[in-house]
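Each remark here refers to the structure printed beneath this line.
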There are 2 protein chains.
Amino acid sequence: MSARRVNADELSRDKIIRKARFLFEEKGYRAVSMRSIAAELGCSHGALYYHFKNKEQLFYGMIEEDFAQLNQIIDTVMASEEHRAQKLRTLFLRFIEYGLNNQNQYEFMFLMKGEGVDGLMQSPANESYEKFAQAVFKLMDRPPAIYLIWSAFLSLHGFVSHFLGYAQSYSEAEAAAENHVTFVLRGLGNEGSC
Amino acid sequence: MSARRVNADELSRDKIIRKARFLFEEKGYRAVSMRSIAAELGCSHGALYYHFKNKEQLFYGMIEEDFAQLNQIIDTVMASEEHRAQKLRTLFLRFIEYGLNNQNQYEFMFLMKGEGVDGLMQSPANESYEKFAQAVFKLMDRPPAIYLIWSAFLSLHGFVSHFLGYAQSYSEAEAAAENHVTFVLRGLGNEGSC
DNA sequence: CCCTTTATTAACCAATGGTCAATTAATAGT
DNA sequence: ACTATTAATTGACCATTGGTTAATAAAGGG
């Protein structure tokens with residue numbers, strides 16, 4: 001009612017994002033309206049536009065913090081004690097795992113084009129792919145053609161993007177993922193890993 | 001203005017679909033509103049709801065006629081005079097070609113979930129996959145494990161779904177497609193085709 | 001010529017994303 | 001302690017969207 005709340009009741013990027021994450025994870029980007037977020041927070045939807053320029057920026061602000069994750073996953077795999085061939089396999093599996101356990105983020109990173117979010121996600125996605133490609137490059141027995149890495153990535157991407165929405169989490173698709181990764185490794189032609 | 005037009009000026013499923021196809025192909029599903037279709041047709045948007053239950057049904061009615069295409073493509077490849085190994089390669093390339101030259105349809109068939117269209121497209125998509133899988137099965141030197149075919153499909157799917165929106169048509173991605181198909185064939189482990 | 005069916009309009013609805021002037025709490029300056 | 005400024009918030013507003021519906025006019029059959 002009153003135009004400004006007392007300190008303790010004030011909003012903050014953090015409060016908003018926490019609630020938004022909950023809702024987005026439950027219902028997906030499109031099914032969550034700015035008004036519904038505001039309602040859950042007990043404020044007017046106008047207030048959200050003080051903290052975030054628009055819905056996309058709010059969503060972006062929310063997954064921004066998770067962006068580093070994929071890169072970190074790659075780093076972790078690279079730093080592990082496994083053999084190179086095994087590392088490669090693990091890398092692929094972890095990629096799928098990441099995609100299916102962070103479906104919102106994945107969708108925005110690699111799947112959403114033509115909704116206005118376009119440009120935003122592009123650079124983090126490219127960054128992540130670059131890191132992925134370099135990791136694969138290092139883990140192969142012989143330096144592979146770049147298009148081979150690209151194909152491997154697209155194949156994993158196909159797997160993830162199909163299971164988005166069908167599988168609730170990675171665990172439900174684990175067996176299939178294992179098979180698919182074997183397939184991709186053979187496609188790469190890395191002798192040691194098949 | 002008048003509540004009903006003279007015969008010659010009346011709408012028809014066909015007139016609507018023709019205009020709708022033009023718009024959808026140009027701007028994509030979401031960016032085309034029922035009102036914009038009506039405006040282009042010079043009628044009120046209410047009239048559209050006399051001929052189609054809703055936007056989805058209108059879109060579905062539009063691509064329904066094109067659904068047989070993919071199946072037909074598969075048949076054509078199977079009936080060709082090429083060697084089995086070459087057929088397999090051609091099949092994969094034609095699949096990609098279909099996807100990138102019919103981006104709207106492809107998106108609806110294999111990518112759109114959670115927008116209400118869900119159930120509609122499911123069965124034609126499954127049918128097409130079934131046909132695809134059987135074709136691959138027949139063209140392999142040795143009967144492959146089913147999950148191998150599934151992996152091959154997902155890999156092609158990854159390729160197409162990535163290039164959706166980036167490539168205007170198949171021709172722009174042809175070289176990449178060629179490489180990717182080689183990759184997929186190696187993943188399948190069909191001796192004759194690599 | 002009337003009556004029924006068919007096609008169309010226009011006014012309406014509830015949601016949505018987004019903007020903005022007005023208002024109030026907090027805060028810094030004097 | 002008073003005041004001017006700034007930071008948040010509201011709520012009314014906008015255009016657009018998908019969708020519904022009562023009223024109405026043309027077509028067509030008896």
Side-chain angles (χ1 to χ4, degrees), chain A residues 1-20 23-24 26-62 104 108 112 114-121, chain B residues 1-20 23-24 26-63 104 108 112 114-120:
Chain A
M1 309 290 170
S2 69
R4 182 167 182 175
R5 304 171 169 204
V6 291
N7 254 352
D9 288 354
E10 276 191 9
L11 283 172
S12 68
R13 277 181 70 97
D14 238 55
K15 278 185 193 170
I16 296 173
I17 284 184
R18 263 204 300 281
K19 195 64 94 179
L23 293 172
F24 280 133
E26 190 184 40
K27 312 185 184 184
Y29 181 72
R30 191 153 297 108
V32 175
S33 68
M34 292 299 266
R35 282 168 161 85
S36 72
I37 298 173
E40 285 274 324
L41 284 165
C43 69
S44 70
H45 74 284
L48 301 182
Y49 288 90
Y50 178 78
H51 297 273
F52 299 92
K53 191 181 165 251
N54 54 34
K55 194 183 177 185
E56 274 142 28
Q57 286 290 338
L58 165 46
F59 189 89
Y60 184 72
M62 164 191 138
N104 271 306
F108 263 77
M112 275 193 170
E115 308 225 20
V117 207
D118 275 336
L120 262 186
M121 304 295 165
Chain B
M1 312 286 171
S2 68
R4 183 167 180 175
R5 305 172 169 202
V6 290
N7 254 352
D9 289 353
E10 274 192 10
L11 282 173
S12 69
R13 278 181 70 95
D14 238 56
K15 277 186 195 170
I16 297 174
I17 284 183
R18 262 204 301 278
K19 195 65 93 181
L23 293 173
F24 280 133
E26 190 183 40
K27 313 186 185 185
Y29 181 73
R30 194 155 296 109
V32 174
S33 67
M34 293 298 267
R35 282 168 161 86
S36 72
I37 299 173
E40 285 275 323
L41 284 165
C43 69
S44 71
H45 75 283
L48 301 181
Y49 288 91
Y50 177 79
H51 296 274
F52 298 92
K53 193 182 165 248
N54 55 32
K55 195 183 176 184
E56 274 143 29
Q57 285 290 337
L58 165 47
F59 189 90
Y60 184 73
M62 165 191 137
I63 63 176
N104 270 308
F108 262 77
M112 275 192 168
E115 310 225 21
V117 207
D118 273 338
L120 263 184

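Below, read A as the first sequence line, B as the second, and so on, with proteins coming before strands; counting in each chain starts at 1.
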Of the listed D/dG19, D/dT9, C/dG17, the closest approach to the A/His51 side chain comes from D/dT9
Are A/Tyr29 and A/Glu56 side-chain neighbours, meaning at least one heavy-atom pair lies under 4.5 Å?
yes
Distance col, row B/Phe24:CZ vs B/Asn104:CG, nearest 0.5 angstrom, shows 8.0 Å
Between the CZ atom in B/Arg30 and the NZ atom in B/Lys55, the distance rounded to the nearest 0.5 Å is 7.5 Å
Problem - Evaluation steps, salt bridge (charged side-chain N to carboxylate O under 4.0 Å, His left out), between B/Glu10 and B/Arg4 - result: CA-CA 8 Å; B/Glu10 274 192 10; B/Arg4 183 167 180 175; 2.7 Å; yes
When rounded to whole Å, the CG to P distance for the pair A/Asn54 and D/dC14 reads 22 Å
From the candidates D/dT9, C/dT6, C/dT16, the one with an atom nearest any side-chain atom of A/Ser33 is C/dT16
When every non-hydrogen atom of B/Ile37 is compared with those of B/Ala20, the smallest separation belongs to CD1-CB, 4.2 Å
Can you find a donor-acceptor pair, distance only, under 3.5 Å between B/His45 side chain and D/dG18 base? no
### Task
State, yes or no, whether a side-chain contact exists between A/Lys27 and A/Ser36 at a heavy-atom distance under 4.5 Å.
no
- Query: Between A/Val32 and A/Phe59, is any pair of side-chain heavy atoms under 4.5 Å apart?
  - Reply: no
Between OH of B/Tyr49 and C1' of D/dA22 the distance, given in whole Å, is 18 Å
Separation of D/dT21 atom P from B/Tyr50 atom OH, nearest Å, is 16 Å
CZ of B/Phe52 to CD1 of B/Ile17, rounded to nearest 0.5 Å, is 4.0 Å
B/Lys55 NZ to D/dT17 P, in whole Å, measures 9 Å
In B/S/- notation (B base, S sugar-phosphate only, - none; protein heavy atoms under 4.0 Å), nucleotides 24-30 of chain D written 5' to 3' is BBBSS--
Within residues 35-43 of chain B, the residues having a heavy atom closer than 4.0 Å to DNA chain C are B/Arg35, B/Cys43
Item to complete: Tell me whether the guanidinium CZ or amine NZ of A/Lys53 lies under 6.0 angstrom from the six-membered ring centre of A/Tyr60 and within 45° of its axis.
Response: no
To the nearest angstrom, the CD-P distance between A/Glu56 and C/dT16 comes to 16 Å
In whole angstroms, the gap separating P of D/dT9 from CZ of A/Arg13 amounts to 14 Å
In whole angstroms, the gap separating C1' of D/dG19 from CD of B/Gln57 amounts to 14 Å
note: A/Phe59, atom CZ; C/dT16, atom P; distance rounded to Å ~ 17 Å
